[in-house]
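Worksheet: one structure, shown below.
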Amino acid sequence: MSSNIMLKKMLLMLISFLVVSWIFFTISQKSTKLWSVLNLPTFSHHWNIYTMSLFPKTPLGPLKTLTETELRIKEIMEKLDQLIPPRPFTHVNTTTSASHSRVTILNPRDTYCRGDQLDILLEARDHLGCRKEYGGDFLRARMSSPALQAGAAGKVTDFNNGTYLVSFTLFWEGRVSLSLLLIHPSEGASALWRARNQGYDRTIFKGKFVNGTTHIFTECGLTLNSSAELCEYLDDRDHEAFYCVKPQHMPCEALTHMTSKNREISYLTVKEKSLFNRSKVGAEMVKGLKHIDVSRCNKDSEMIKEKCQVGMKIPVPGGYTLQRRWITTFCKQIPLDTIMKNGCLKGKLIYLFGDSTLRQWIYYLPKVIKTLKFFDLHETGNFKKHLLLDAERHTLIQWKKHSLPFVTLQLYSVIDHDYIPREIDRLLGDKNTVVVISFGQHFRSFPMDIFIRRTINVRKAIERLFLRSPATKVIIKTENIREMHIEAERFGDFHGYIQYLTMKDIFKDLNVGIIDAWDMSIAYGTNTVHPPDHVIGNQIDMFLNYIC
């Protein structure tokens with residue numbers, strides 16, 4: 001009897017096991033179908049390809065750091081996508097027209113006083129005279145008095161409905177001319193944004209590998225679509241990557257030099273390219289307005305401002321030029337003669353990391369401070385490391401180019417060559433150490449996420465520097481405007497402006513000094529990647545006000 005009961009129990013357990021197994025099998029089958037319907041395996045596959053392409057064969061750093069950086073990049077890209085949404089483009093006649101758009105001075109006066117604000121309402125219209133229903137036009141506002149060698153940028157507010165408020169602060173007395181340029185219509189800006197983030201191959205790099213008397217060049221890049229064996233130059237912590245095709249019979253460590261050139265490739269359609277013809281870029285929109293005469297009006301003297309120092313918030317515009325001198329609006333500048341400049345620089349260790357617009361500083365300084373002399377480091381080329389010394393005053397000023405992507409036809413050394421965050425990490429820092437950073441121009445022809453990642457990594461390095469040495473001063477020089485009619489897709493100022501906004505956003509709550517070269521170069525009306533000496537001198541005077 002007991003054996004029959006035992007047998008029944010065993011049969012019941014076996015049946016229960018089979019039923020449970022069948023239920024689990026059914027659920028897993030339905031679950032697989034559900035994942036398939038949601039396309040989640042496809043998403044996962046693309047994500048793996050993305051991470052592998054950036055950091056192949058490299059163990060990832062701490063998941064938290066990567067996640068924070070990736071989430072921040074994603075957040076910024078989403079903000080920019082909202083700022084520059086896709087715009088329909090069927091015919092050039094439906095794009096913004098400078099000649100058909102209307103400008104009106106709001107609350108016009110017979111007399112304008114120094115310090116007043118003058119507002120202009122812009123109503124954008126297309127080439128058929130129809131009112132635009134959306135914003136996004138890339139505009140540049142400037143006021144100037146050529147006889148006074150005076151200029152200032154205006155502030156443009158986009159209402160996203162085809163109307164814009166353009167505001168000018170009347171900083172000086174005299175006759176003032178107003179300018180509002182349509183650099184690109186919104187349809188062109190949208191096309192540039194889409195094209196920029198589509199590919200890495202507008203610029204190609206060639207790496208020089210050396211073994212004794214033998215050398216060979218191979219293709220290099222931020223990404224490489226090649227089945228050949230690759231040399232991988234990876235920064236595990238910051239997830240920066242660069243690749244070269246590995247030469248035969250040479251190690252990857254034999255890479256000594258790099259050069260680049262533009263590739264004849266475009267992600268714009270033929271119709272979109274028509275928006276960037278020379279005649280369509282930088283068309284004047286303020287044609288019918290007369291000059292504005294500005295008087296002193298016996299206004300009270302200006303409020304005493306606090307001395308310029310790092311960490312200050314900079315308004316738009318942050319200053320103006322008068323008789324070629326840059327005058328800030330948010331802090332008190334102290335005029336510095338040669339003796340004061342020498343005293344300020346005494347004992348200072350100054351490290352300039354960036355591109356050729358910052359290299360202009362190290363060329364300019366010995367012209368005004370004669371005790372600074374170049375020290376020969378036995379390197380060659382314009383992009384070698386530059387070193388200025390004043391041994392008697394214990395002053396050292398060094399310039400080093402930022403790391404890849406660095407775009408130039410000239411062959412430059414990659415020995416003693418590293419990313420700016422790594423360079424900052426090597427500095428001990430103290431109250432007499434100053435770091436100046438400027439980059440952006442060389443990033444314009446690459447997808448925006450490359451620039452965002454580098455900027456975030458620079459910020460993290462500055463935070464680490466402040467932890468070990470809060471007294472170290474860090475100055476950020478933004479990039480400046482450049483030639484108006486340079487190739488828009490690869491190097492145009494629209495890309496520079498988006499980078500300018502992004503850099504200001506990433507550094508906005510950090511205790512650094514900002515030299516707003518974008519604002520300054522609009523005020524001076526330079527329109528060249530390398531501004532003249534009087535502009536460089538005013539950038540350096542602003543810098544010295546921060547550190548003295």
Side-chain angles (χ1 to χ4, degrees), residues 73 76-77 79-81 83-84 138 140 183-184 188-205 220-223 240 242 258-268 272-273 275-276 281-282 353-360 383 401-410 412 419-420 437-458 476-506 516-519 521-522 526-531:
I73 293 172
I76 293 172
M77 286 298 293
K79 271 192 202 176
L80 294 174
D81 284 336
L83 182 68
I84 322 160
F138 182 39
R140 180 175 299 162
I183 308 297
H184 304 305
S190 176
L192 288 174
W193 179 242
R194 189 206 72 246
R196 174 175 186 170
N197 295 305
Q198 231 169 304
Y200 293 79
D201 50 357
R202 292 179 196 81
T203 301
I204 58 173
F205 294 86
C220 303
L222 295 165
T223 63
E240 302 267 15
F242 197 81
M258 192 73 64
T259 184
S260 70
K261 67 177 182 179
N262 298 334
R263 177 174 275 163
E264 294 302 318
I265 189 169
S266 173
Y267 293 98
L268 296 172
E272 287 169 340
K273 287 180 183 178
L275 296 175
F276 307 105
V281 176
F353 298 120
D355 54 30
S356 57
T357 66
L358 195 54
R359 187 188 63 201
Q360 286 184 274
F383 301 110
K401 64 183 177 299
H402 68 73
S403 190
L404 299 161
F406 199 87
V407 178
T408 175
L409 288 170
Q410 299 181 46
Y412 58 88
Y419 296 115
I420 291 176
I437 299 162
S438 182
F439 60 96
Q441 296 282 354
H442 293 257
F443 287 76
R444 292 187 180 190
S445 62
F446 300 98
M448 185 65 185
D449 65 300
I450 299 294
F451 177 80
I452 297 172
R453 181 182 298 277
R454 183 67 54 82
T455 309
I456 290 172
N457 288 337
V458 168
I476 307 295
K477 185 188 83 69
T478 70
E479 62 187 285
N480 49 263
I481 63 171
R482 60 178 308 170
E483 296 77 10
M484 183 79 71
H485 299 291
I486 199 166
E487 185 191 348
E489 183 178 1
R490 205 183 307 266
F491 300 120
D493 273 344
F494 173 74
H495 299 314
Y497 180 63
I498 299 304
Q499 291 177 176
Y500 165 74
L501 294 179
T502 300
M503 179 174 273
K504 289 211 302 183
D505 182 54
I506 290 173
D516 196 334
W518 190 273
D519 189 17
S521 53
I522 290 177
T526 53
N527 293 318
T528 175
V529 69
H530 295 122

Are any non-hydrogen side-chain atoms of [X] and [Y] less than 4.5 angstrom apart?
{"X": "Arg140", "Y": "Met484", "value": "yes"}
{"X": "Ile84", "Y": "Arg196", "value": "no"}
{"X": "Asn527", "Y": "Glu483", "value": "no"}
{"X": "Val458", "Y": "Phe353", "value": "no"}
{"X": "Thr259", "Y": "Phe205", "value": "no"}
{"X": "Arg202", "Y": "Asn262", "value": "no"}
{"X": "Ser438", "Y": "Asp355", "value": "yes"}
{"X": "Thr526", "Y": "Asn480", "value": "no"}

Open item on the list: Checking Asn197 against Tyr267: is there a side-chain donor and acceptor pair closer than 3.5 Å?
Closed with: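 The answer is no; no qualifying pair exists.
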Reported [atom1]-to-[atom2] distance for the pair [X] and [Y], which is rounded to 0.5 angstrom:
{"X": "Ile498", "Y": "Ile76", "atom1": "CD1", "atom2": "CD1", "answer": "12.5 Å"}
{"X": "Ser190", "Y": "Phe494", "atom1": "OG", "atom2": "CZ", "answer": "8.0 Å"}
{"X": "Arg482", "Y": "Asp493", "atom1": "CZ", "atom2": "CG", "answer": "8.0 Å"}
{"X": "Trp193", "Y": "His495", "atom1": "CH2", "atom2": "NE2", "answer": "9.5 Å"}
{"X": "Tyr419", "Y": "Leu404", "atom1": "OH", "atom2": "CG", "answer": "6.0 Å"}
{"X": "Thr455", "Y": "Ile450", "atom1": "OG1", "atom2": "CD1", "answer": "11.0 Å"}

- [ ] Would you check if the side chain of Asn457 reaches a backbone N or O of Arg453 as a donor-acceptor pair within less than 3.5 Å?
- [x]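 Present.
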Task: Side-chain donor or acceptor of Ser260 paired with backbone N/O of Thr408 under 3.5 Å - done: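 Yes, because the side chain of Ser260 sits within donor-acceptor range (under 3.5 Å) of the backbone of Thr408.
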Task: Phe443 ring center within less than 6.0 Å of His402 ring center - done: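 When the ring centroids of His402 and Phe443 are compared, they turn out to be within the sub-6.0 Å range.
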Open item on the list: Go through it in stages, so that I can follow the logic: the residues are Ile437 and Met503, the test is side-chain contact (heavy atoms from CB on, under 4.5 Å), and I'd like the CA-CA distance, side-chain angles, deciding distance and then a yes or no.
Closed with: CA-CA 11 Å; Ile437 299 162; Met503 179 174 273; 5.8 Å; no
TODO: Look at the aromatic rings of Tyr500 and Trp518 and report parallel, tilted or perpendicular, splitting at 30° and 60°.
DONE: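 It falls in the parallel class, under 30°.
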Open item on the list: Parallel, tilted or perpendicular, judged at 30° and 60°: which one describes the rings of Phe406 and Phe383?
Closed with: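 Taking Phe383 first and then Phe406, their aromatic rings stand perpendicular (interplane angle over 60°).
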Open item on the list: Taking Glu272 first and then Arg194, would you say they form a salt bridge - that is, a charged N and a carboxylate O separated by under 4.0 Å?
Closed with: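 Salt bridge: yes.
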Task: Residues Glu240 and Arg454 bridged, charged N to O under 4.0 Å - done: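 Looking at Glu240 and Arg454, the cut-off is met.
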Contact summary for [X] and [Y], nearest pair of heavy atoms:
{"X": "Gly199", "Y": "Pro447", "value": "O-CD, 3.4 Å"}
{"X": "Lys504", "Y": "Asp516", "value": "NZ-OD2, 4.4 Å"}
{"X": "Pro531", "Y": "Gln360", "value": "O-NE2, 2.9 Å"}

Open item on the list: Please identify which of these residues, Glu479, His530, Lys477, meets the side chain to side chain donor-acceptor pair (under 3.5 Å) condition with Thr357.
Closed with: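 For Thr357, the side chain to side chain donor-acceptor pair (under 3.5 Å) test succeeds with only one of Glu479, His530, Lys477, which is Lys477.
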TODO: Start with the C-alpha distance between Phe451 and Arg444, add both sets of side-chain angles, then the distance that settles side-chain contact (heavy atoms from CB on, under 4.5 Å), and finish with yes or no.
DONE: CA-CA 8 Å; Phe451 177 80; Arg444 292 187 180 190; over 6 Å; no
Open item on the list: side-chain contact (heavy atoms from CB on, under 4.5 Å) for Val407 and Gln441? Distances and angles first, verdict last.
Closed with: CA-CA 9 Å; Val407 178; Gln441 296 282 354; over 6 Å; no
TODO: With side-chain contact (heavy atoms from CB on, under 4.5 Å) as the test, would you mind laying out the steps for His184 and Leu275 before giving the verdict?
DONE: CA-CA 8 Å; His184 304 305; Leu275 296 175; over 6 Å; no
